[in-house]
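Structure, as structure tokens:
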There are 2 protein chains.
Amino acid sequence: MELRQLEYFQMVSRLNNITRAAERLHVTQPSITIAIQKLEDELGVTLFDRSQKQITLTAEGQVFLQRVENILRSIQDAMLEMNDYRDLQKGSIKIGIPPMIGSFLFPEIFANFKTLYPHLELCIIEEGSIAIRKLLEKGELDLGIVIISHPSPLLETLPITKGEILLCLPPNHPLVHCSSVPFFQLRGESFILLKEDTYHRQIIMEECSKNKFTPNIILSSSQIETIRGLVAKGVGISFLLDVIARKSADVISLPLSEPLFIEIGLAWKKDKYLSKASQVFIEFVKNL
Amino acid sequence: MELRQLEYFQMVSRLNNITRAAERLHVTQPSITIAIQKLEDELGVTLFDRSQKQITLTAEGQVFLQRVENILRSIQDAMLEMNDYRDLQKGSIKIGIPPMIGSFLFPEIFANFKTLYPHLELCIIEEGSIAIRKLLEKGELDLGIVIISHPSPLLETLPITKGEILLCLPPNHPLVHCSSVPFFQLRGESFILLKEDTYHRQIIMEECSKNKFTPNIILSSSQIETIRGLVAKGVGISFLLDVIARKSADVISLPLSEPLFIEIGLAWKKDKYLSKASQVFIEFVKNL
DNA sequence: GACCCTTACGGCGTACGTAATTATC
DNA sequence: GATAATTACGTACGCCGTAAGGGTC
């Protein structure tokens, strides 16, 4: 059985005339005669009554026509849907966003992208940056926003922006009047950090070990807003990205004497197939 | 787009492996590679991720697979249905007919059915009603005419008609002038019965045991005509269905004092696939 | 190096078109 | 005799199989 035969059959059924059907389909009418004969042979039924000059569907032919109309419509639908994907009328991107970065960078990117590509769905996975990297490497995410200072051989990256990690203090903290703070001075402080699965935390921990002390971590959260609240209340100190810290009126943020810069970027698995939608997103980010 | 491409696509999707798919489909694997490439070209989307050693469906591919599974199933269905019709044109029904019932009921049904469905062949298996029931339950018959007073959990039944079992006597028998005969009066008679594999015989035997005697069976036959001849010659007495007995001029038939009724019907195996032809026959009998 | 997919190429089947034939009104 | 379907036949396109080439683990 061939689709062509079904299409011929459908047209002949509609027109009750092989010659007209042939004209419509831009083939000669013997082609249609043969095609339908073969179809009938294969099915083992007579689809058309040829006893009159004008051929008409038999009872079996009518039943088969119903089926064929359905089948051809389904195929049409499937092709149209694929066209939609091709033309980006459809498609979804699974993208991982870590809390620190997602909270300031993503809303902006997201809004702009959606106005350009309203049909594309962005499926957001909120995880720590280390978890996101693992998911990317496993191929379970299409894209992720990560700190690209720790490059992975499995991932392709595209820088988006840079940020500085600032020390965040309660307003009544003795250090608030310094213009910058050396890291070792934080030795005795209570630290409030992001959860273990983030590079942000890893960076702070590395600084501590460089300065030969183990931080007193009194709390870990993955919610920026929680951390900020705790710092404001004087529970402890923390570290936020500059863009976030600046928006926080109730905490004081200061640069470190040896400033900590991080580079933020988009990442995806090398050599993995990227859906058209993901490719478009990468292009979009490139042109920011 | 070609059906072959869709079939290849489906198999590759299922196995995630072109080589295996090629083996299953009895083609070489380049054929599949090419077919799928062309499909992707036509659709304008990438269906498979070929970056790993093992190819896997892309997001678009997964969507397309759903569609394709549907389409191929529809086509399969359409072909199966046409096969059913083909069987209607060339097909045959294996139907079991017991002697007593077949001899009066079947000729009439058969003749009418044949005029309506001249293409259908009715293949008649003549066996006793018990044997027919067993063949039905084994699935070796499509349909059977049986006495449905003894229902079977494996069989579906459709009542056709009822009949009364009449006592048949030679014209010179002392009981012929009675209007009805009590069964116990037959104690000393010579019985001529149908063979062991019939319910008809079983019913008579049950009556005997109810009346506490063992019949003197001098002969068993499966031929109604033989039985009738023997009764006419005065060899013994027998029992025939009313419709048959009435047509027999050379024997006298009388009702029993406690009349024996049987219900006759069409039966077929539950849950067994019924060919279109058999379905048509059942419908035909329903509308008698 | 083993496995798997893709590319290259030649043969063959077959679907198509042209032309002739048959059938119906 | 006109219209329409079928049959007959030669061509040409395209699918398939064989063989070689590139990737990945």
Side-chain angles (χ1 to χ4, degrees), chain A residues 1-43 45-58 60-61 64-65 68 72 136-139 152-156 268-274, chain B residues 1-43 45-58 60-61 64-65:
Chain A
M1 180 130 75
E2 307 243 341
L3 284 183
R4 189 177 26 76
Q5 294 172 328
L6 300 185
E7 284 157 7
Y8 289 3
F9 167 76
Q10 186 187 38
M11 189 60 80
V12 173
S13 301
R14 287 180 175 172
L15 304 177
N16 281 329
N17 182 311
I18 294 190
T19 309
R20 305 287 150 65
E23 286 166 8
R24 286 273 197 104
L25 294 166
H26 308 295
V27 290
T28 57
Q29 121 266 48
S31 303
I32 301 207
T33 297
I34 304 287
I36 287 183
Q37 280 174 352
K38 292 206 169 173
L39 185 60
E40 287 179 322
D41 274 2
E42 184 177 349
L43 294 173
V45 297
T46 305
L47 296 168
F48 289 103
D49 177 5
R50 298 162 168 85
S51 64
Q52 264 68 35
K53 190 173 172 179
Q54 173 137 289
I55 67 173
T56 53
L57 279 175
T58 60
E60 295 89 334
F64 192 62
L65 177 61
V68 168
L72 293 179
L136 282 172
E137 288 170 348
K138 272 203 283 182
S152 157
L154 290 176
L155 301 182
E156 200 89 49
W268 60 94
K269 190 175 179 186
K270 267 178 195 164
D271 306 324
K272 177 180 185 283
Y273 165 79
L274 281 175
Chain B
M1 179 129 74
E2 307 242 341
L3 284 184
R4 190 178 26 76
Q5 295 171 328
L6 299 185
E7 284 157 9
Y8 289 2
F9 167 75
Q10 186 187 38
M11 188 60 80
V12 173
S13 299
R14 287 181 175 173
L15 304 177
N16 281 330
N17 182 313
I18 294 188
T19 308
R20 306 286 151 66
E23 287 166 7
R24 286 271 196 105
L25 296 165
H26 308 294
V27 290
T28 56
Q29 121 264 49
S31 302
I32 301 208
T33 298
I34 304 288
I36 287 183
Q37 280 173 353
K38 292 207 169 173
L39 185 60
E40 286 179 322
D41 275 2
E42 184 177 352
L43 295 173
V45 298
T46 304
L47 296 169
F48 288 102
D49 176 5
R50 298 161 169 84
S51 64
Q52 264 70 33
K53 191 171 174 180
Q54 173 136 293
I55 68 175
T56 53
L57 280 174
T58 61
E60 293 89 337
F64 192 62
L65 177 62

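In the text below, chain A, chain B and the rest are named by the order of the sequence lines, each starting its count at 1. Scope of the values below: all heavy atoms of this structure, side chains included, with no hydrogens, waters or symmetry mates.
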Nucleotide nearest [X] when distance is taken to its side chain, options [options]:
X: Pro30(A); options: dC4(C), dT7(D), dC16(D); answer: dT7(D)
X: Val27(B); options: dG17(C), dC25(D), dG17(D); answer: dG17(D)
X: Ser31(B); options: dC15(D), dA5(D), dG17(D); answer: dG17(D)
X: Arg50(A); options: dA5(D), dG17(D), dT24(D); answer: dA5(D)
X: Gln29(A); options: dT24(D), dT6(D), dT7(C); answer: dT6(D)

Side-chain N,O ([X]) to OP1/OP2 ([N]) below 4.0 Å:
X: Thr19(B); N: dC5(C); answer: yes
X: Tyr8(A); N: dC16(C); answer: yes
X: Gln37(B); N: dT7(C); answer: yes
X: Lys38(A); N: dT14(C); answer: no

Rounded distance in Å - [atom1] ([X]) to [atom2] ([N]):
X: Phe9(A); N: dA5(D); atom1: CZ; atom2: P; result: 15 Å
X: Ile18(B); N: dT7(C); atom1: CD1; atom2: P; result: 11 Å
X: Asn17(A); N: dA4(D); atom1: CG; atom2: P; result: 6 Å
X: His26(A); N: dG17(C); atom1: NE2; atom2: C1'; result: 16 Å
X: Ile32(B); N: dT7(C); atom1: CD1; atom2: C1'; result: 16 Å
X: Phe48(A); N: dA4(D); atom1: CZ; atom2: C1'; result: 14 Å
X: Ile55(B); N: dG23(D); atom1: CD1; atom2: P; result: 17 Å
X: Gln54(A); N: dT6(D); atom1: CD; atom2: P; result: 13 Å

Q: Have a look at Thr33(B) and say if it touches a base, only the backbone sugar-phosphate, or nothing, with a 4.0 Å heavy-atom cut-off.
A: base
Q. Of Thr58(B), Leu57(B), Leu39(B), which is the lone residue that meets side-chain contact (heavy atoms from CB on, under 4.5 Å) with Phe64(B)?
A. Leu39(B)
Q) With distance as the sole test, does Glu2(A) use its side chain to make a donor-acceptor pair with the main-chain N or O of Ala35(A) at under 3.5 Å? A) no
**Q.** Check: Gln29(B) side chain, Ile18(B) main-chain N or O, donor-acceptor pair, under 3.5 Å
**A.** no
(Q) Go through it in stages, so that I can follow the logic: the residues are Gln37(B) and Asp41(B), the test is side-chain contact (heavy atoms from CB on, under 4.5 Å), and I'd like the CA-CA distance, side-chain angles, deciding distance and then a yes or no. (A) CA-CA 6 Å; Gln37(B) 280 173 353; Asp41(B) 275 2; 5.5 Å; no
Q.
Tell me whether Lys270(A) at atom NZ has more than 12 heavy atoms from other residues, nucleotides or ligands lying less than 6.0 Å away.
A. yes
